[in-house]
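One structure is given below, encoded as structure tokens.
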Amino acid sequence: MHPLRQYEIPFVGLKHGVTNFNYHIDDRFFGLFTGSLVEQADINVILKFDKHTSFFNLHFQLDGKIHLPCDRCGSELDYPVENEYSIVVKFDEHHEDEHDDSLADVVYIGRHETHFSVAQLIYEFVNLSIPINHVTCDNLTGKKPCNQKVLEELNNLAVKHHMPANPRWNDLTKIKFN
């Protein structure tokens, strides 16, 4: 059996209404995706699969931690993840060349489909949980695992001299704004 098969939902046999699915995401899951930003994680995913006649509402709740390096000192961090994402799955023959950003939270599947895999969605939602800004020890509550030797070395390498003021710009300081 293919390892990602456990993330396929046989929606044909489900009753209308909400069905809950639970997944535990760890290192083995991310090993199935090449070039993953995340290599180590311990995340619980609760999926509320709401089945309707012509569409599904999927609501994902992620709770756990991702193992990431600190962007400042290089220490290994267990970065907390607690996010929710929703997506709509519709039955339609939608073509990729009909690109419309307003439908970014809609996934289209053919009417002949019997299973829907949530593996790629879970993978993308975990990666979206990594902040765009730097991940540093300051993002954590409680004990900070900062590597003090690295931080001291960075402070020693910081540029400490000031550029002398260019006299050509001195007249600009005389301008008064009301």
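Values below: every heavy atom of this structure, side chains too, minus hydrogens, waters and symmetry copies.
- Residue pairs meeting the side-chain hydrogen bond (donor to acceptor under 3.5 Å, both in side chains) criterion with at least one member in residues 48-58, sequence neighbours excluded, are Asp50-His52.
- Between Phe21 and Ile9 there is a side-chain heavy-atom pair separated by less than 4.5 Å.
- The distance from the CD atom of Gln61 to the CD atom of Glu84 is 4.5 Å, given to the nearest 0.5 Å.
- Atom CG of Leu4 and atom CD of Gln120 lie 9.0 Å apart (nearest 0.5 Å).
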Name every donor-acceptor pair, under 3.5 Å, that has one atom in a side chain of residues 25-38 and the other anywhere in the protein, sequence neighbours excluded.
{"residue": "Asp26", "atom": "OD1", "partner": "Arg28", "partner atom": "N", "Å": "3.3"}
{"residue": "Asp26", "atom": "OD2", "partner": "Arg28", "partner atom": "NE", "Å": "3.3"}
{"residue": "Asp26", "atom": "OD2", "partner": "Arg28", "partner atom": "NH2", "Å": "2.5"}
{"residue": "Asp27", "atom": "OD1", "partner": "Ala41", "partner atom": "N", "Å": "3.1"}
{"residue": "Ser36", "atom": "OG", "partner": "Val38", "partner atom": "N", "Å": "3.2"}
{"residue": "Ser36", "atom": "OG", "partner": "Val38", "partner atom": "O", "Å": "2.7"}

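- Note on Ile43: it does not cluster hydrophobically with Ile46, by side-chain heavy-atom contacts below 4.5 Å among ILVMFWY residues.
- Side-chain atoms of Tyr85 and Asn83, non-hydrogen and from C-beta on, do get closer than 4.5 Å to each other.
- When the shell of 6.0 Å around CD of Glu82 is examined, it contains 12 or fewer heavy atoms from other residues, nucleotides or ligands.
- The number of heavy atoms from other shown groups lying within 6.0 Å of CD (Glu39) does not exceed 12.
- Pairing each heavy atom of Asp105 with each of Ser86, the nearest pair is CB-O, 4.3 Å.
- Side-chain atoms of Ile66 and Ile130, non-hydrogen and from C-beta on, do get closer than 4.5 Å to each other.
- In this structure, Ile87 and Phe56 have side chains that are not in contact, with every pair of non-hydrogen atoms separated by 4.5 Å or more.
- Between Phe55 atom CZ and Lys90 atom NZ the span is 8.0 Å, to the nearest 0.5 Å.
- Between Leu47 and Val118 the shortest side-chain heavy-atom distance falls below 4.5 Å.
- Two residues are said to be in side-chain contact when any heavy atoms from C-beta on lie closer than 4.5 Å; Tyr108 and Val89 fail this criterion.
- In this structure, OH on Tyr23 lies 6.0 Å from CD1 on Ile122, to the nearest 0.5 angstrom.
- The two atoms that bring Ser129 and Tyr79 nearest to each other are O-CE2, 4.3 Å, heavy atoms only.
- Of all non-hydrogen atoms in His24 and Tyr7, the two that sit nearest each other are O-OH, 4.1 Å.
- Annotation: side chain of Phe11 is not in contact with side chain of Thr19 (no heavy-atom distance under 4.5 Å).
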